[in-house]
Amino acid sequence: MTQSIVVQVGQCGNQVGCRFWDLALREHAHVNQMGIYDEPLFLLLILPSTPGADSTGGKINALKARAVLVDMEEGVLGEILQGPLRSLFSSTQLISDVSGSGNNWAVGHHTYGLAYREQIVDQVRKAAEHCDCLQCFFLIHSMGGGTGSGLGTFVLKLLEDEFPEVYRIVTSVYPTAEDDVITSPYNSVLAMKELTEHADCVLPVDNQSLVDIVGKIQHMSNTGKPGCTIKKDCTIISGQGGVVKVEKPFDAMNNIVANLLLNITSEVNSIDYIVTVAPLKVWDMLDSK
C-alpha cells in the first residue's frame, strides 16, 4: 500500500485543505459504515498511539491526518484547532507565526522560509515515518498571497531536496484579474518560476472559474427544470452532512477544489498516471485547438 502526505500552506491552502478532509471523512463514512480502518483510510490517515497503529482491519477509535499545516498568520489554523476537525490534527502539525507575509512573495519565500525551514522539515519527516511506502506529496496553496506563493514554493523546493524520489503534486489557486491584492500578479509570476522547476505535476485552479462554476450550479439547482441532476446540497459545492456544520464564505468554491483532490486520491487513479500521462493528454488537447 502507498501513502500520501498533504501539505497545506497559507490561508487559501488551509481553507481548501479543511474542505478536503471534511469531504474525505464524509465520503469514507458513507462506504465504510462498520468503522473499520481499511486501505483507503490508510492512504491519508493514521491510527495514533495504538499497538499496530498502521495495520488495517481494526476498529477506528481515533484518526490523525497525514498532513502538515503552515500559515504565517494564526487565524485559520486557530479556527482549525478549535473547530470540529481539531481531533484530526495535533498542535505539532501546525506551524504558524503572527505577523503574516504582507502579500509579499519575498517575505514568505526568503524570510519565513529560512526561519521555519528546520521546523517544516522535522514535521514532514515525522509524517513520512508513519508511511510504509510514501508515494507523493499534495501541496495546496494560492499564487496571489505572500505566504501561499512565497513560502508555498519554498516548501515545494524543500520537499524536492529532502525527498527527491517522491512525487510532488501541487494544487495552485490563481487570483482573478480583479484581485484586490495589488501584488498578486507579481507573486504569481515569481511563484510560477518555482513551480516549473520543482513540481512534478501542477493542477492550476482559476479563482474566477470557480466563481462561475458555483454560480452556474446554484442557478441550475434553483431552476427546478426537468432533467436537472444537480441538487442544491450536492457535495460539489455544499458541506451539508459533513463534520463542519457551519459553512463559511468561499466554502462552495473550496469544495470544488476538494472534490478534485479527492478524485485524484481515489484507488482507481494511479499517481504515476496522473504525473506522467495526464499532463501530456492536456497538452495534446491544447495543441489540437
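Side-chain polar atoms of Gln8 and Trp21 form a donor-acceptor pair below 3.5 angstrom. Thr2 and Gln135 form a side-chain donor-acceptor contact under 3.5 Å, judged by distance and modelled atom types alone. The closest side-chain donor-acceptor pair between Ser99 and Tyr112 falls under 3.5 angstrom.
Note: the hydrophobic cluster containing Val9 does not contain Leu77 (ILVMFWY, side chain heavy atoms under 4.5 Å, direct or indirect links). When hydrophobic clusters are built by joining Ile, Leu, Val, Met, Phe, Trp and Tyr residues whose side-chain heavy atoms come closer than 4.5 Å, directly or via intermediates, Val70 is not grouped with Leu85.
Thr171 is listed as a side-chain neighbour of Val257, based on a closest heavy-atom distance under 4.5 Å.
For Gln93 (side chain) and Ala65 (main-chain N/O), a donor-acceptor pair under 3.5 Å exists by modelled atom type. No side-chain donor-acceptor contact under 3.5 Å links Asn14 to the backbone of Val76. Here the side chain of Asn103 pairs no donor or acceptor atom with the backbone of Gly145 at under 3.5 angstrom.
Between Arg125 and Asp122 there is no salt bridge, since no side-chain nitrogen of the basic residue lies less than 4.0 Å from a carboxylate oxygen of the acidic one.
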Please tabulate, for the side chains in residues 151-161, all donor-acceptor contacts under 3.5 angstrom to protein atoms that are two or more places apart in sequence or on a different chain.
from: Thr153; atom 1: OG1; to: His109; atom 2: ND1; distance (Å): 3.2
from: Thr153; atom 1: OG1; to: Ser149; atom 2: O; distance (Å): 2.6
from: Thr153; atom 1: OG1; to: Gly150; atom 2: O; distance (Å): 3.0
from: Lys157; atom 1: NZ; to: Asp161; atom 2: OD2; distance (Å): 3.2
from: Glu160; atom 1: OE1; to: His198; atom 2: ND1; distance (Å): 2.6

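Paired with Met143 under the rule side chain to side chain contact (heavy atoms under 4.5 Å, CB included), one option of Val173, Val189, Leu195 passes, and it is Leu195.
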